[in-house]
Amino acid sequence: MNNLHILEKMNIPLFRQDLISWFEKEQRDLPWRKDKNPYKVWVSEIMLQQTRVDTVIPFFNRFMEWFPTLEELAEADEEKVLKAWEGLGYYSRVRNLQSAVREVAAEYNGVVPDTLEAISKLKGVGPYTAGAILSIAYGKPEPAVDGNVMRVLSRILLIEEDIAKPRTRKTFEEAVRRLIDETHTSSFNQALMELGAMICTPGTPACLLCPVREHCEAFAEGVQSRLPVKNQQKKTRDVPIAAAVISNSRNEILIRKRPSKGLLANLWEFPNYEVHASVATKRESFRQQFQEQLQVIPQLGEHLISIDHTFSHLVWKMEVFLGKAEEVSENIMNSHQMKWVAESEVEGYAFPVSHQKIWKAYQLLKSQSTNQR
DNA sequence: TACCCGTGGCT
DNA sequence: TAGCCAAGGGT
């Protein structure tokens, strides 16, 4: 019933040899490939989810400096862990990682489990990550099917299922189970991904450089450029936001912690509100909602910056103002997870990229006004 | 299943 | 340039 009939006419031993030989010779020198420490493999796989290698490298190196061992990550403050992830995106990844690491420390004596059943129960470890850790760190013959693997194998095996559909991953897992070299599971799985990243790329694959093109059905048919089949994703929607950098008479800055669930969970931000359609201006919308929430009237000053920030599924259309406020009651501050912090301490907190831009604009404005004096 | 969840580079 | 894309998982 599936589309794996091409496997029956493949020379699988030769395919393995061609693929692994290429990988052993051409693989990139990446920091998480220096050894097969399961903790390091785990961290790298979480960071690499939906994220480019070049983006991950500096984050991985710093993360290993801050949290060199599983135990040190388990014992770290969440604030510091989020700061280590600041700018990397998909922040629930690192909260799930620390939660899972704590479970490993407590329940498995600090040893990352080496069975599919146990490792799959850990928070943030799905089918791909489970297979990646087991095959790379422990030499287990488990498939690790990511976007690269689906693209590569859709071409080699001429599979035309829509890779955007979750169920399709099972087809490729079955293909890998039949193809994998059980004596070189780490190199085999990584080679499929490396090939997808370096040669068998989405737009125009470099088939003339491909070590396995003689095994590739799509190349033989000349149809590699229209594979894999993938439907388009939905468009983003705009969310109008009014924000402000609010200071008090002691030159402290008002920040607040975002809710523990949802977008940018547990990160810090400058006070901001979604603008209702009924309000004439974003400045007025901020003033109204700030006053309603904190029982204090803010003195809003000049416009600081406009920022359009695109997420995977929505766009913040932000207008940011300067402002001053005083005497917010402590109860209200606490109930909204707000606090005043000295300007020199702001950067100690983990902010989403959009709010890092706000802070940079604020500091630039201050430095300019200082220079003019 | 469909949607939520970030960011930055590329074409 | 506006989308597309990148070593996915949770709900």
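Lettering of chains follows the sequences in order, A, B, ..., and the numbering in each one begins at 1.
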Could you tell me whether the phosphate oxygens of [N], OP1 or OP2, come under 4.0 Å of any side-chain nitrogen or oxygen in [X]?
| X | N | answer |
| --- | --- | --- |
| His313(A) | dC4(B) | no |
| Arg167(A) | dT1(B) | yes |
| His309(A) | dT7(B) | yes |
| Thr129(A) | dG9(C) | yes |
| Arg169(A) | dG8(C) | no |
| Tyr90(A) | dC4(B) | no |

For Arg237(A) and for Gln356(A), locate the closest nucleotide of DNA chain B by heavy-atom distance; then report the residue assigned to the nucleotide nearer the 5' terminus.
-> Arg237(A)
Between Lys165(A) and Gln49(A), which is nearer to the 5' end of DNA chain B once each is assigned its nearest nucleotide?
->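 Nearer the 5' end of the strand: Lys165(A).
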Ring-ring centroid check Trp85(A) Phe59(A), cutoff 6.0 Å | no
Would you check if the distance from the ring center of Tyr362(A) to the ring center of Trp359(A) is below 6.0 Å?
-> yes
Counting side-chain heavy atoms from C-beta on, which of dG6(B), dA6(C), dG9(C) comes nearest to Phe311(A)?
->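 Shortest atom-to-atom distance from the side chain points to dG6(B).
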Can you tell which of dC5(C), dG6(B), dG9(C) lies closest to the side chain of Arg93(A)?
-> dG6(B)
Just checking [X]: base, sugar-phosphate only, or nothing, at a heavy-atom cut-off of under 4.0 Å?
| X | result |
| --- | --- |
| Trp316(A) | nothing |
| Arg258(A) | nothing |
| Arg95(A) | nothing |
| Leu264(A) | sugar-phosphate |
| Ile136(A) | nothing |
| Val53(A) | base |

Ser312(A) vs Asn96(A), nearer the 5' end of DNA chain C by closest nucleotide |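 Looking at the nearest nucleotide for each, Ser312(A) comes out on the 5' side.
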First encountered from the 5' end of DNA chain C, between Gly124(A) and Lys235(A) = Lys235(A)
Could you tell me whether Arg167(A) atom CZ has more than 12 heavy atoms of other residues or ligands within 6.0 Å of it?
->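 12 or below, so no.
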Asn231(A) CG: over 12 foreign heavy atoms closer than 6.0 Å =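 Check passes, neighbour count above 12.
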Report yes or no: is the cationic atom of Arg256(A) (NZ for Lys, CZ for Arg) under 6.0 Å from the centre of the six-membered ring of Tyr273(A), at an angle within 45° of the ring normal?
-> yes
Measure the distance from CG on Leu48(A) to P on dC5(C) and round it to the nearest whole Å.
->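 About 19 Å, once rounded to whole Å.
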